[in-house]
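Below, read A as the first sequence line, B as the second, and so on, with proteins coming before strands; counting in each chain starts at 1.
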Protein chains: 2
Amino acid sequence: MPVTKVFPEDVDRKLTEVFTRFGYDGASMELLSQATGLKKASLYHRFPGGKKDMAAHVLKNLEIWFLENFQSVIEQENLPVQERLEKALLPINILFEDGARNCPLRMLSACSETPYFQEYIASCFAILNNGFTKIAFQNGMVESLANEKAMEAIINIQGSLVLSRAMSDNSIFKTSMARIPQLLGFK
Amino acid sequence: MPVTKVFPEDVDRKLTEVFTRFGYDGASMELLSQATGLKKASLYHRFPGGKKDMAAHVLKNLEIWFLENFQSVIEQENLPVQERLEKALLPINILFEDGARNCPLRMLSACSETPYFQEYIASCFAILNNGFTKIAFQNGMVESLANEKAMEAIINIQGSLVLSRAMSDNSIFKTSMARIPQLLGFK
DNA sequence: GTCTATAGCTTGATAGAC
DNA sequence: GTCTATCAAGCTATAGAC
């Protein structure tokens, strides 16, 4: 007999899904309840602070996800630089479903509770920035330029995702992702 | 004695402001009422379809704004190409307040009523795309590449705006805007 | 064209049984 | 830990006076 009827990791996945699809204000407790299969009172039992606790939890998980799936790959210094970059871009493509899925960071970065989340959001972007900078630097770029190009890479990811979703055209995202190695000094 | 107590252009400006700051779901009728100085019933008199009509109206105005402030400048073919680009980028900087203001297109492109807006959103992006493509093409770029670079320019605008707002750092947007001429083949 | 007043529903959140 | 039942507040939207 299980302690919980629903596994925490399943709840986390569903919460992320709803916040990413509908944004913070669009994600009602009713939607979150239906998606997770937990009644509202049960969600409050797990997240006493309510909706904003759930969103903060989602972002905390995302930060861990970036550390485990992106940063850790970047830091496999036994592998060639280009191979590390290519391996690190794969989970990014999965995260955004090749352009079909919105960015949870963006969807939670323009609402009334954003100040409550900002630390996590900034941390996720910092992981990406440090990772791309490291790759470009180890590829021979001077550090200031490497950092500039890393920012461009993140801008391309976010911008292309906005356009892909707004125009319902995943190819915009795919094209941008394919440009990143070149942007960081490869080929 | 005026026919209306509040000028339509002032209402439009305030509606745009609220939708841009809070997004569609975050922009309550109460907020829209307070911002415009019109009671809710008066807003329904002007926009019988309610909130979604107001948002659609905002986007319709934005399309006209892009035609008058961006496209018309691009098409001043008596001026040198580079000068036209520089003149066309000025209103873009104003629109986004040098990175301090969110993009209304983005803020209205991920909500439940987005299908209702998509036509206007796509039209605005098309105006930008056609404009940048024309500039790059007239600057000597082959058309397919010009179109690709135009997309990159829009991606840079949207992406840098996402990051500028998420990180509260307008310089990200400013740097990206400064890169656009270079992106389209100048210097 | 704008208002006050209000309907009717949905929201986020809580109490208390099991 | 999950549930049913419920609350007060907020929401979109409407009716009707001026």
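- A heavy atom lying under 4.0 Å from DNA chain D marks none of the residues of residues 50-59 of chain A.
- Listed by chain and number, the residues in a side-chain hydrogen bond (donor to acceptor under 3.5 Å, both in side chains) with A:Glu75 amount to none (sequence neighbours excluded).
- Hydrophobic cluster of A:Leu183: no remaining members, since no ILVMFWY side chain lies below 4.5 Å from it.
- Other residues sharing a hydrophobic cluster with B:Val162 under the 4.5 Å side-chain heavy-atom criterion for ILVMFWY residues are A:Val162.
- Residues of residues 15-34 of chain A having a heavy atom closer than 4.0 Å to DNA chain D: none are found.
- Residue A:Leu38 contributes atom CG, which lies 17 Å from atom C1' of C:dG12 at whole-angstrom precision.
- Not a single side-chain hydrogen bond (donor to acceptor under 3.5 Å, both in side chains) links B:Glu143 to another residue, sequence neighbours left out.
- Screening residues 114-125 of chain B for salt bridge (charged side-chain N to carboxylate O under 4.0 Å, His left out), with sequence neighbours left out, gives no hits.
- For residues 37-56 of chain A, every residue pair satisfying the side-chain hydrogen bond (donor to acceptor under 3.5 Å, both in side chains) rule, not counting sequence neighbours, is listed here: A:Asp53-A:Tyr116.
- Its side chain outside the 4.5 Å cluster rule for every partner, A:Leu90 clusters with none of the Ile, Leu, Val, Met, Phe, Trp and Tyr residues.
- Closest heavy-atom contact between B:Leu184 and B:Phe132: CD1-CD2, 3.7 Å.
- If you check residues 40-47 of chain B against DNA chain D, the residues with a heavy atom closer than 4.0 Å are B:Lys40, B:Ala41, B:Tyr44, listed by number.
- The salt bridge (charged side-chain N to carboxylate O under 4.0 Å, His left out) analysis of residues 161-187 of chain B, with sequence neighbours excluded, yields the pairs A:Glu152-B:Arg179.
- For the ring-ring contact (aromatic ring centres under 6.0 Å, His included) test, no residue two or more places apart in sequence or in another chain qualifies with B:Phe137.
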